[in-house]
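Please read the structure below before turning to the comments.
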Amino acid sequence: MAVRSSAEPEADAFFTALAEGEAIAQQRLPAFAAACGVEEARAAAYTPLPGCQAYPAYVAWLALNAAPAEAVLAVTANFSAWGGYCAAIAAALRTHYGFDDEACAFFDLFAGPAEHLDRTAERAVQAALDAGRLDESRARAYGHLLQSYEALFWRTLERPA
């Protein structure tokens, strides 16, 4: 999305910051997997649950098809829910399983407010509004679908097929 939004500097800044955060998150996942007892071979052999794939597939669809500011709104609208999930998971892992800070670092990264990212998103949306490049109805629909797919993700984990 950062590449697609290069003509919109504010949206580009948002997606670049988001990608940088994702890179940090990816570096923190091995410690979580190790704490769960998941070795590389087991992770490579894992078959994802179909209901858990709708969310990332839709994010990929947004990256390919949505106008940058509309994708910014959809993704940002989901931040508080995602942050709440991450905070609850990190607390539960520590309390119920004795996971340490390194094992919970992935969840801790997303658990707190992302004020810099929120301000960057505001600038991107305002620039799109000012330029007449934002379809608020479509952005709302994208956000609704994104939250619905995330809910499907959690329901799938709760009751795998």
Side-chain angles (χ1 to χ4, degrees), residues 1-33 43 48-94 99 101-158:
M1 194 60 167
V3 172
R4 283 193 54 235
S5 62
S6 61
E8 298 177 34
E10 296 84 0
D12 180 48
F14 174 83
F15 288 112
T16 298
L18 200 61
E20 290 167 353
E22 292 295 321
I24 293 167
Q26 185 177 17
Q27 293 169 357
R28 295 180 179 192
L29 281 173
F32 173 64
L49 299 170
C52 292
Q53 297 309 299
Y55 178 87
Y58 189 65
V59 171
W61 185 92
L62 287 173
L64 292 171
N65 297 290
E70 293 161 10
V72 168
L73 271 175
V75 170
T76 304
N78 201 41
F79 280 170
S80 66
W82 171 243
Y85 297 145
C86 287
I89 291 168
L93 290 172
R94 286 181 172 96
F99 281 26
D101 289 345
E102 184 182 13
C104 294
F106 170 86
F107 298 102
D108 291 339
L109 176 66
F110 297 110
E115 294 170 9
H116 170 69
L117 205 51
D118 288 343
R119 286 190 301 277
T120 306
E122 273 182 47
R123 287 191 294 274
V125 170
Q126 189 60 57
L129 281 169
D130 293 347
R133 292 189 313 258
L134 181 70
D135 182 327
E136 293 176 48
S137 176
R138 197 167 37 220
R140 230 182 332 275
Y142 292 159
H144 172 74
L145 282 170
L146 193 61
Q147 289 181 329
S148 296
Y149 290 133
E150 182 161 5
L152 174 61
F153 173 91
W154 294 109
R155 283 193 311 273
T156 299
L157 287 180
E158 181 181 52

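Values reported hereafter were calculated over all heavy atoms of this structure, with side chains retained and with hydrogens, waters and symmetry mates removed.
Taken from SG in C52 to OH in Y149, the straight-line distance is 14.5 Å, to the nearest 0.5 Å. How far CZ of F153 is from CD of Q147: 15.5 Å, rounded to the nearest 0.5 Å. Here CG of L109 is found 10.0 Å from CG of L29. Values are rounded to the nearest 0.5 Å.
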Please walk me through it: do F15 and V72 pass side-chain contact (heavy atoms from CB on, under 4.5 Å)?
CA-CA 8 Å; F15 288 112; V72 168; 3.5 Å; yes

Stepwise side-chain contact (heavy atoms from CB on, under 4.5 Å) check, L73 with R140:
CA-CA 8 Å; L73 271 175; R140 230 182 332 275; over 6 Å; no

Stepwise, does the side-chain contact (heavy atoms from CB on, under 4.5 Å) test hold for V125 with T76?
CA-CA 11 Å; V125 170; T76 304; over 6 Å; no

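Around atom CD of E102, no more than 12 heavy atoms belonging to other residues, nucleotides or ligands sit under 6.0 Å away.
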For residues 77-90, dump all side-chain donor-acceptor pairs below 3.5 Å to protein atoms at least two apart in sequence or in another chain.
| residue | atom | partner | partner atom | Å |
| --- | --- | --- | --- | --- |
| N78 | ND2 | Y55 | OH | 3.4 |
| N78 | ND2 | E150 | OE1 | 2.4 |

Could you give the side-chain donor-acceptor pairs of residues 16-23 under 3.5 Å, partners two or more places apart or in another chain?
| residue | atom | partner | partner atom | Å |
| --- | --- | --- | --- | --- |
| T16 | OG1 | D12 | O | 2.8 |

Going by atom type alone, with no hydrogens or angles, which donor-acceptor pairs under 3.5 Å involve a side-chain atom of residues 62-69 and a protein atom two or more places apart or on another chain?
| residue | atom | partner | partner atom | Å |
| --- | --- | --- | --- | --- |
| N65 | ND2 | W61 | O | 3.0 |

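Sorted by first and then second residue, the salt bridge (Lys or Arg N to Asp or Glu O under 4.0 Å) pairs involving residues 62-91 (not counting sequence neighbours) are E70-R138. Residue pairs that meet the salt bridge (Lys or Arg N to Asp or Glu O under 4.0 Å) test with at least one member in residues 103-125, sequence neighbours left out, are R94-D108.
Looking at residues two or more places apart in sequence or on another chain, you find a side-chain hydrogen bond (donor to acceptor under 3.5 Å, both in side chains) between R133 and E8.
Using a 30° and 60° split on the angle between ring planes, F32 and F107 fall in the perpendicular class, above 60°.
Of the possible polar contacts, one joining the S5 side chain to the A2 backbone as a donor-acceptor pair under 3.5 Å is found.
Between Q53 and P48, the shortest heavy-atom distance links the atoms NE2-CB, 3.2 Å.
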